[in-house]
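Reading through the structure tokens given below for one structure.
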Amino acid sequence: MSRRDRLSGNEAAATAIRQIDPDVIAAFPITPSTEIPQYISSFKAEGLIGTEFVTVESEHSAMSACIGASAAGARAMTATSSAGMALMYELLYVAASDRLPIVMAAVNRALSGPININADHSDSMGARDSGWIQIYSENAQEAYDNMLMANRIAEHPDVMLPIMICQDGFITSHAVENITIEDDSFVKDFVGEYNPEKYLLNPDESLGVGPYSISIFYMEIKRQQFEAMNNARAVIAKVSADFTARTGREYGMLEQYRMDGAELGVLLMSSSAGTGKEAVDMLREKGVKAGLVKIRVFRPFPAGEIAEALRGLKALGIMDKSDGFSGCGGPLGAEVRAALYGKSDNIKTINYVYGLGGRDVKVADFEEIFAELAAMRDGAELPDCRYHGVRE
Amino acid sequence: MAYNTYSLKEAANKPERLVAGHRMCAGCGGPVAVRAVLRALKPEDKAVVCVATSCLEVSSCTYPYTSWRDSFLHTAFENAAASASGVEAAYTALKKRGKIKDTYKFITFGGDGGTYDIGFQSLSGAMERGTDMVYVCYDNEAYMNTGIQRSSSTPAFADTTTSAAGSKSDGKPQFKKDLTKIMAAHHIPYVAQSTFIGNFKDLHRKSETAVYTEGPAFLNVLAPCPRGWRYEASDLMEICKAAVETCVWPLFEVTEGEWVLNYEPKKKLPVTEYLKLQGRFKHLFEPGNEGLIEAIQDDIDKRWEELKSLCEM
């Protein structure tokens, strides 16, 4: 039987890890994900997990050890944030190209500088081209549920790619919520055993991982990663459907909130979706045709589902919790507009950069944004991209 | 192997675990070091070899070929030790869970770039954590894979492509980092320094000790590079011998904190006997540069005396 309990996002992710009981965890403390390795250590101290916990001297070594462990045939996990993830960037690409289904609990935090410990998405957005599957969680429940689904997605033979399960630093990682925790036996059964086809410690067949690969082979390897990332769509759908069938909690590539008949919409990821939904409810009460789309899976990018979900909108605010400094908006803005191109060209869009470095985002902010979208729908000329909630 | 009845022939007749077909240069010390270390493995034992990005890596495992009989892992330049510690953790976990029955040994190779410099933190961490592995540095005293750039292992006044000797430069201004000593300061069970001498008994014995010592072990093997040091391929052994006879590269080991000097030259040769064999030091023999050779000799003498005192001789 599942139970209700009060858990923070970090505790929820750590609980999922305890229930999965991976073979190896290599992690290095960094705010706000530090609690996760702390929980691992306490689980080990109480004999609650059989995991080998490699207390590395840096995140670079954490990801290196995860690659070694995963290549060796083990189920390997890590947790990190911000600069820690940035220190891993080189190895994130290696993990993906080696086709190692490592699971990362990513607790999103701004990148320096200036140094800042609070939430935004600049860390994982910097890793968006690394070949990792990226799933974003709105709250502690989703962080927990997505962790439970992570291994089955990553380890599927058609996929074999690393996966990061993101949640917002502090806002989700440290806020305590009432969530549903599944039984240990349920998790064990749902996640299953990991038995890789090829691995370093196979006594019957030695294996070379990470060879030098020159131009006559490199591109074929990248083409296979492309294939695997696309295969992940169907696998995510299948695993999510199975999860829904067994828990009643629904997950897709994205979530549509009151999009029926919506004319004005916002599109965003993670914790601000909760605030946005509150604003949508209030506006709907007032007769404003507001709706919200929350992207759950950012890699692989659900371009088709996004275009479909946004069809019928007259004005859209695409909300980026990181600025890619292209000079014309954030990464979500660029990719969502590309997804709409040729499909829903009549939707007017603004790309908002918001909530950087933990800048608070309130219901009132969404009311302002929806007011701007209404003005744009009614013919007002607005810039393609603007910062919201900033002193200028 | 019993080292009181050691025979090179017997040692060299063991099946090769790094096989022919790799693309390392003739006269390179890298594969010589690797083959010597791998001979330490009992035939029934399996191994996973991790290699830092290096000449060795790009020349021995070029897709779709490999020269390695054992499982092989390369991830990047600066993290071979951390990667290996992940493999070792996987082994421990899977063995505990009954998924693996065989005995595996973990051997990591890095050049001096991947060991003394960019991979130093990763190495220090893996050793401090007590990873049951041997880390072998094949030290050729510069970044050879990218074209002979100086490293912290490059000896003073060597001419490299980033410490060029010229009318206004004597070559590399700094003296060599003493990595073996730093590794001994980690208080790990076994640290040793070796090279290719005579019948290879020194390196073969140290490799076996390192591989079969429980816990972390570090081997530093001087492995000359014909292109970077500028010598004829056939001179490899002569150069290694000169390094030992001049005390540029003393043979010693530190077992559970006990320092032992394995070889003391009957007559310590002047450092010029070593320097003159290599093009990278050619400029030191030009008139007016006598002081540079003196400075090198002073440094070697000082380090040799320090080592002897650590070994209580």
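Lettering follows sequence order; numbering is per chain, from 1.
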- [ ] Identify the two heavy atoms, one from B:Ser85 and one from A:Val54, that lie closest to each other, and give their separation to 0.1 Å.
- [x] OG-CG1, 4.3 Å
Open item on the list: Counting only heavy atoms not in B:Glu214 (residues, nucleotides, ligands), do more than 12 fall under 6.0 Å from its CD?
Closed with: no
TODO: Rounded to the nearest 0.5 Å, what's the gap from CG on A:Leu207 to CG on B:Asp70? Could you check?
DONE: 12.0 Å
TODO: Could you grab the distance from atom CG of A:Asp98 to atom CG of B:Leu73, nearest 0.5 Å is fine?
DONE: 7.5 Å
Task: Interchain contact, A:Ser97 with chain B, by part (heavy-atom threshold 4.5 Å) - done: neither
Open item on the list: Using heavy-atom distances under 4.5 Å, tell me whether B:Thr66 contacts chain A through its side chain, its backbone, both, or neither.
Closed with: neither
Task: Nearest atoms (heavy-atom pairs only) where A:Ala69 meets B:Ala90 - done: O-CB, 3.7 Å
Open item on the list: Does any backbone or side-chain atom of A:Asn195 lie under 4.5 Å from a heavy atom of chain B? Answer side chain, backbone, both or neither.
Closed with: side chain
Task: Least distance between heavy atoms, B:Val48 atom then A:Leu200 atom - done: CG1-CD1, 4.0 Å
- [ ] Using a 4.5 Å cut-off on heavy atoms from C-beta on, say whether the side chain of B:Tyr104 contacts that of A:Leu201.
- [x] yes
Task: Polar side-chain atom of A:Ser206 near backbone of B:Arg69 as donor-acceptor pair, under 3.5 Å - done: yes
Open item on the list: At a 4.5 Å cut-off on heavy atoms, which part of B:Ile100 comes close to chain A: side chain, backbone, both, or neither?
Closed with: side chain
Open item on the list: With a 3.5 Å distance limit and no angle check, can you tell me whether B:His74 reaches the backbone of A:Gly210 through a side-chain donor-acceptor pair?
Closed with: yes
TODO: Check whether any side-chain heavy atom of B:Glu78 lies under 4.5 Å from a side-chain heavy atom of A:Glu90, and answer yes or no.
DONE: yes
Open item on the list: Which atoms of A:Ala71 are under 4.5 Å from chain B, going by heavy atoms: the side chain, the backbone, both sets, or neither?
Closed with: side chain
Open item on the list: Looking at A:Glu193 and B:Arg97, is there a salt bridge between them, counting it only when a charged N and a carboxylate O are closer than 4.0 Å?
Closed with: no
- [ ] Heavy-atom distances under 4.5 Å only: say whether B:Ala89 touches chain A with side chain, backbone, both or neither.
- [x] both
Task: Least distance between heavy atoms, B:Leu94 atom then A:Ala74 atom - done: CD1-N, 4.2 Å
Open item on the list: So which atom in B:Arg129 and which in A:Val56 form the shortest heavy-atom distance, rounded to 0.1 Å?
Closed with: NH1-CA, 3.4 Å
Open item on the list: If I compare all heavy atoms of A:Ser64 with all of B:Asn79, which pair ends up nearest, and what's the gap?
Closed with: OG-ND2, 2.8 Å
Task: Atom group of A:Tyr93 that falls short of 4.5 Å from chain B, counting heavy atoms - done: neither
Task: Side chains of B:Gln121 and A:Ser58, donor plus acceptor under 3.5 Å - done: yes
Task: Main-chain N/O of A:Gly68 paired with B:Ser83 side-chain donor or acceptor, under 3.5 Å - done: no
TODO: Answer with side chain, backbone, both or neither: which region of B:Lys99 has an atom nearer than 4.5 Å to a non-hydrogen atom of chain A?
DONE: side chain
Open item on the list: Out of B:Ala76, B:Ser71, B:Cys61, B:Ser59, return the one with the most heavy atom pairs under 4.5 angstrom to chain A.
Closed with: B:Ser71
TODO: Taking A:Tyr212 for its side chain and B:Tyr63 for its backbone only, find out whether a donor-acceptor pair lies under 3.5 Å.
DONE: no
Task: Segment of A:Leu91 engaging chain B (4.5 angstrom heavy-atom cut-off) - done: side chain
TODO: State the NE2-OG distance between A:His60 and B:Ser122, to the nearest 0.5 angstrom.
DONE: 8.0 Å
